[in-house]
Amino acid sequence: MLPIHLFRQNKELIVDGLKKKNFKELELVDTIISVDEKRRHLQSESDNLAASINSASKNIGQLMAKGNKEEAEALKAEVSNHRDKTKLLAAQLADIETELHDLLVRIPNMPHSSVPFGKTPEENEVVRQGGSTPDLSAQKLPHWDLTAKYKLIDFELGTKITGSGFPVYIDQGARLQRALISFFLNYNIDGGYKEYYPPYMVNEASAYGTGQLPDKEGQMYHATADNFYLIPTAEVPLTNIFRDEIISEQELPVKMTAYTPCFRREAGSYGKDVRGLNRLHQFDKVEIVQIVHPDKSYETLEEMAAHVEHLLQLLGLQYRVLRLCGGDMSFTSALTYDFEVYSAAQERWLEVSSVSNFEVYQTNRMKIRFKDGGNKAQLAHSLNGSSLALPRIMACLLENNQAPEGIHIPEVLRPYFGKAIIN
RNA sequence: GGAGAGAUGGCAGAGCGGUCGAAUGCGGCGGUCUUGAAAACCGUUGACUCACAAGGUCCGGGGGUUCGAAUCCCUCUCUCUCCGCCA
């Protein structure tokens, strides 16, 4: 949610940003500004009334103390009258505040100046690439064949136990999964991130804080009996740790990492997108989140991107880094880098990480602030990224490292996996 | 799940229905003293709205009584203690 003062002070900037983001309902901006004006008018009217009630009530107290009953009674009648008006105004004010809020949450974040114009994924800008395509002339099986061949993952068994999109990792498959999680977490800890193990279900306020609610409600699993939501990403519990907190400036930057499963309903997905490990209802991910000083957030974004990129280099995967265009960015992001790895047997790029700067969009809604030098509370910036999403990494590792004698495990994972080859 | 107690500023902890945005202690910040630090002493120190003015709002959330509520009533949520169940 953008701070309202931006609309009052810089309407043109907002409209330009919305256009870049390919947002259609531009008329909302004017609506917001006029509703805000109405709101402020009502507010001052109500404040003035409250001021007169307050002072009259004080007078009544003094009159009573002096035993001046008649005057006191007269004042009481007057205040009583004012009070009815206040109630009316308060109701109107509450309505208009809700209206304003509901309008504000419909406005996406403003894109950063470096965000390219564009509407579709094809218009994203490739900023860097690394690694090389492996030679698979000897054998070129997609990962769903490899997981069957080496009995690493049983998709049908998951369907039996739960439903499609809930694979069962078995034996060396389970072990590789655990190796990846440990490797990623340790790598992040070495990078200065503090490890957390958060709840996998969150309450409504948390889902709301990071923006899953109200617009992405259908994407989450909902435990209705207790009104909890299964987290679609660790970003939700992690960022909410600091909801409604005022952090001292010395504590910045806050760097957090967590491994969690992620649960997504993925309604409407189909075809090759959901084959094998490409898209699941439950998958594992290690996440990094930072809360930083506003002056530092773009520096931090580059740092986080470099952090993720190095991880892909360590795994020896072919990758590319995309700067998302306005139309393909998420609602809440100001600038996003997507990381894709090349799946050599499927011959397609798979997204494995998305690193974003949200500026104040999340922190404004969650009231995550810090005390600056002048001892004044101001909104911090929040960022997050995956490091990394596991299923597609596993898919690429299996496919790209396959050989007639088995699947070779990258050097960095061997201490965690315990051996050099799956066979 | 049953019974009871509680929810106040960064923390701890007061608060007869009016003079309470709230005592006091700790912590934080500034200063005196000191070569420096500690101790001691002095001062200062919540948030929101808003033009850092005035005014207004906030004592877990919501509602009510009253001219006036942190203080009384209702309700919800959460926490703690005891019992039950349990990895």
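Predicted model, so just to flag it, every value in this text is computed and none were measured. Letters go in sequence order (proteins before strands), and every chain restarts at 1.
- Atom CD of E73(A) is separated from atom C1' of G68(B) by 13 Å (rounded to the nearest Å).
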Problem - RNA chain B base-pair string [pairs: Watson-Crick or G-U under 3.5 Å; |: paired with another strand] - result: ((((((((.[[[..)..(.....]]]((((((.......))))))((((.....)))).[[[[[..)....]]]]])))))))....
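- Rounded to an integer number of Å, the gap from L100(A) CG to U49(B) P is 13 Å.
- For H101(A) and U49(B), the NE2 to C1' distance is 16 Å, given to the nearest whole Å.
- For D244(A) and C78(B), the CG to P distance is 17 Å, given to the nearest whole Å.
- In this view, D47(A) satisfies the salt bridge (charged side-chain N to carboxylate O under 4.0 Å, His left out) rule with no residue, not counting sequence neighbours.
- Checked against A47(B), C50(B), G68(B), the side chain of R8(A) finds its nearest nucleotide in C50(B).
- The P atoms of G46(B) and U32(B) are separated by 23 Å, rounded to the nearest whole Å.
- No engagement by A77(A) is indicated, since no non-hydrogen atom pair under 4.0 Å with the nucleic acid exists.
- Here K160(A) contributes atom NZ and T162(A) contributes atom OG1; the two are 11.5 Å apart, rounded to the nearest 0.5 Å.
- For A69(B) and A51(B), the C1' atoms lie 32 Å apart once the distance is rounded to whole Å.
- Judged as a salt bridge (charged side-chain N to carboxylate O under 4.0 Å, His left out), and not counting sequence neighbours, the contacts of R323(A) are E125(A).
- Nucleotides A37(B) and U19(B) are separated by 44 Å at their P atoms, to the nearest Å.
- Between the side chains of N278(A) and Q346(A), at least one donor N or O sits under 3.5 Å from an acceptor N or O.
- The distance from atom NE2 of H5(A) to atom C1' of C48(B) is 15 Å, rounded to the nearest whole Å.
- Rounding to whole angstrom units, CD of residue E245(A) and P of G46(B) are separated by 18 Å.
- Under the salt bridge (charged side-chain N to carboxylate O under 4.0 Å, His left out) criterion, no residue pair touches residues 170-196 of chain A, with sequence neighbours excluded.
- Of the candidate nucleotides C48(B), U65(B), G46(B), U65(B) has the atom lying nearest to any side-chain atom of K87(A).
- Nucleotides A14(B) and G9(B) place their P atoms 13 Å apart, quoted to the nearest Å.
- With both ends at atom P, the span from G15(B) to C85(B) equals 40 Å, rounded to whole Å.
- Annotation: salt bridge (charged side-chain N to carboxylate O under 4.0 Å, His left out) contacts of D36(A) (sequence neighbours excluded): R8(A), R39(A), R40(A).
- You'll find the ring centres of H381(A) and Y298(A) outside the 6.0 Å limit.
- In terms of position along RNA chain B, the nucleotide closest to I246(A) lies nearer the 5' end than the nucleotide closest to the other residue of the pair L75(A) and I246(A).
- Residue pairs meeting the salt bridge (charged side-chain N to carboxylate O under 4.0 Å, His left out) criterion with at least one member in residues 288-303 of chain A, sequence neighbours excluded: K255(A)-E303(A).
- Screening N384(A), D338(A), T336(A) for a side chain to side chain donor-acceptor pair (under 3.5 Å) with S356(A), the sole residue that qualifies is T336(A).
- For G28(B), neither phosphate oxygen OP1 nor OP2 lies less than 4.0 angstrom from any side-chain nitrogen or oxygen of K371(A).
- Comparing C20(B) with C82(B), their C1' atoms are spaced 37 Å from each other, to the whole Å.
- Legend: residues meeting side chain to side chain donor-acceptor pair (under 3.5 Å) with K419(A), ordered by chain and number and at least two apart, are Q172(A).
- Taking atom C1' on both G55(B) and A3(B), the two are 49 Å apart, rounded to the nearest angstrom.
- Atom CD in E204(A) sits about 15 Å away from atom C1' in G62(B), given to the nearest Å.
- Comparing the same atom, P, in U81(B) and in G27(B) gives a spacing of 28 Å after rounding to whole Å.
- Among the protein residues, I60(A) comes within range of the nucleic acid bases, having at least one heavy atom under 4.0 Å from a base atom.
- Legend: residues meeting salt bridge (charged side-chain N to carboxylate O under 4.0 Å, His left out) with K21(A), ordered by chain and number and at least two apart, are absent.
- Heavy-atom distances under 4.0 Å link RNA chain B to D47(A), A50(A), A51(A), N54(A) of residues 37-56 of chain A, given in residue order.
- Between S57(A) and I4(A), the residue anchored nearer the 5' end of RNA chain B, judged by the nucleotide with its closest heavy atom, is S57(A).
- Nucleotide U49(B) holds its P atom 12 Å from the CD atom of E97(A), rounded to whole Å.
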